[in-house]
Structures are given as structure tokens and as C-alpha cells.
Amino acid sequence: MLYSFREQTYGTASQTFFRKQTQSWYCTIGGKQISLGKTKEAAETRFHKLMGNRDAVRSEVKTLYAMFEQYLTWVEDNRKQGTYDNNLHYLKSFIASVGKRSEVGQVKKHYLTRRTTQYPDWSDTATNDAISVVQRMLNWAVQ
């Protein structure tokens, strides 16, 4: 049974899974993948703690960097490698320009436009791609 904020049902520890790429344990809660740690014991402990505290789950994605990590994990699992590589390229430059500690609620339109002016050698297509990738990540997080 999947965890759902609306139904307030809880999953089991069998919903945790190991990702070889990151050498970490994860779970999916409310459609979002959350990193639980490097060891199975730590992952199970954190998983049960999250299941007992819905507010902690909601606060998992406070920073753009946390969203970036979760979105890229989703892209890697659900899209082709080329799409993942493209997203990684543009999102890394975006995170570098706004900082890892920037909070999601602080995102403003000028963050994107300011960022694209930092790369004057980018073509119009590359600039559009960069903005589209960030918008897709933000839209993904809302859904």
C-alpha cells in the first residue's frame, strides 16, 4: 500500500529500495523519491520515522538542491539516458548560480533570466532548453 497524504495510509519497509548509481537507499512517498541513507539499517530507521511524521516528509524538499536530486533520480528512472544527461547539464549550472541552500519558496523569475545572461556563448536554443529544464523540474515537483 502506498503512502498518501490524502488517505493517510502508510507503507511498509518493503517499499524501500537500493539505487546502485548513488549507493543509497530510497523510498517513494507521495510520488517523490526520498533518500534514506547509505546503510539498510539507517534507511529503515529513517523510513519509519518519516512514516510517523507527515510534516517531516513535506519538509524533505525545502531546497532547490534537494528538489534537483529527487528530480534527477526520477528522470534517470523514467527517461532515456540522453534526457538525463541534458537535464543534469542544465540543472547543475542552475544550482551553481542560485546556490545549494536556496529554498524552493524563494524561486523568482529573474533567477532564470539572470542565469542565462551568465552564459553569453549559449545559443538561443540552449538558453531556451536551460529554462525549459528548470521549469519541468519545478512543474514535476508540484505534481
Side-chain angles (χ1 to χ4, degrees), residues 1-116 118-119 121-123 125-143:
M1 177 182 309
L2 293 176
Y3 181 86
S4 168
F5 288 124
R6 290 187 184 143
E7 298 170 6
Q8 295 185 13
T9 56
Y10 294 86
T12 64
S14 64
Q15 290 177 303
T16 60
F17 59 94
F18 187 76
R19 291 187 50 84
K20 285 191 246 179
Q21 298 90 336
T22 60
Q23 293 294 303
S24 298
W25 287 88
Y26 288 82
C27 69
T28 302
I29 300 174
K32 307 267 190 252
Q33 290 187 357
I34 298 172
S35 176
L36 299 172
K38 298 282 185 185
T39 67
K40 184 169 182 147
E41 296 78 24
E44 287 180 359
T45 301
R46 183 139 190 263
F47 178 79
H48 290 292
K49 192 184 234 184
L50 287 171
M51 292 298 95
N53 186 353
R54 293 186 316 169
D55 293 332
V57 174
R58 287 187 183 129
S59 69
E60 278 297 308
V61 182
K62 280 192 167 187
T63 65
L64 284 170
Y65 184 71
M67 182 187 299
F68 158 84
E69 287 183 318
Q70 290 185 11
Y71 176 69
L72 281 178
T73 299
W74 181 86
V75 170
E76 188 173 37
D77 291 342
N78 296 283
R79 300 293 183 255
K80 292 183 179 180
Q81 185 64 39
T83 302
Y84 171 81
D85 294 340
N86 188 49
N87 279 269
L88 178 64
H89 170 72
Y90 288 122
L91 289 173
K92 277 174 73 174
S93 67
F94 175 68
I95 294 298
S97 72
V98 298
K100 286 185 175 184
R101 296 180 188 205
S102 295
E103 292 189 13
V104 173
Q106 297 173 331
V107 177
K108 303 289 183 216
K109 180 179 168 181
H110 72 272
Y111 285 6
L112 289 172
T113 55
R114 179 181 67 200
R115 175 180 152 245
T116 56
Q118 293 172 342
Y119 300 96
D121 57 325
W122 280 5
S123 68
T125 302
T127 301
N128 185 52
D129 286 349
I131 291 170
S132 296
V133 166
V134 174
Q135 286 177 327
R136 269 194 301 277
M137 176 184 72
L138 296 171
N139 288 335
W140 170 86
V142 170
Q143 296 176 352

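Remember, it's a predicted structure, so these values are computed and weren't measured experimentally. In this chain, numbering begins with 1 at the start of the sequence shown.
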Hey, what do you get for CE (Met67) to CD1 (Ile95), rounding to the nearest 0.5 Å? 9.0 Å
Give me the atom names and distance for the closest heavy-atom approach of Tyr71 to Arg136. OH-CB, 3.7 Å
Who are the salt bridge (charged side-chain N to carboxylate O under 4.0 Å, His left out) partners of Glu76, not counting sequence neighbours? Arg19
Mind checking whether Gln135 and Leu138 have side chains closer than 4.5 Å, heavy atoms only? no
Got Gln21 and Thr73 here, is their nearest side-chain heavy-atom distance under 4.5 Å? no
Using 0.5 Å steps for rounding, measure from the CG atom of Asn87 to the CH2 atom of Trp140. 11.5 Å
How long is the gap from CE on Met137 to CH2 on Trp74, to the nearest 0.5 Å? 13.0 Å
To the closest 0.5 Å, what do you measure between OG1 (Thr39) and CD (Glu44)? 9.0 Å
Under 6.0 Å between ring centres, would you say that holds for Phe68 and Tyr65? yes
Rounded to the nearest 0.5 Å, what's the gap from CG on Leu64 to CG on Leu91? Could you check? 10.0 Å
Enter the distance from Leu88:CG to Gln81:CD here, rounded to the nearest 0.5 Å. 9.5 Å
In terms of heavy-atom contacts, Ala43 and Trp25 come closest through CB-CB, 3.3 Å
Tyr26 and Phe17 aromatic ring geometry - parallel, tilted or perpendicular at 30°/60° bounds: parallel
For Tyr90 and Ser93, the nearest pair of non-hydrogen atoms, with its separation, is O-OG, 2.8 Å
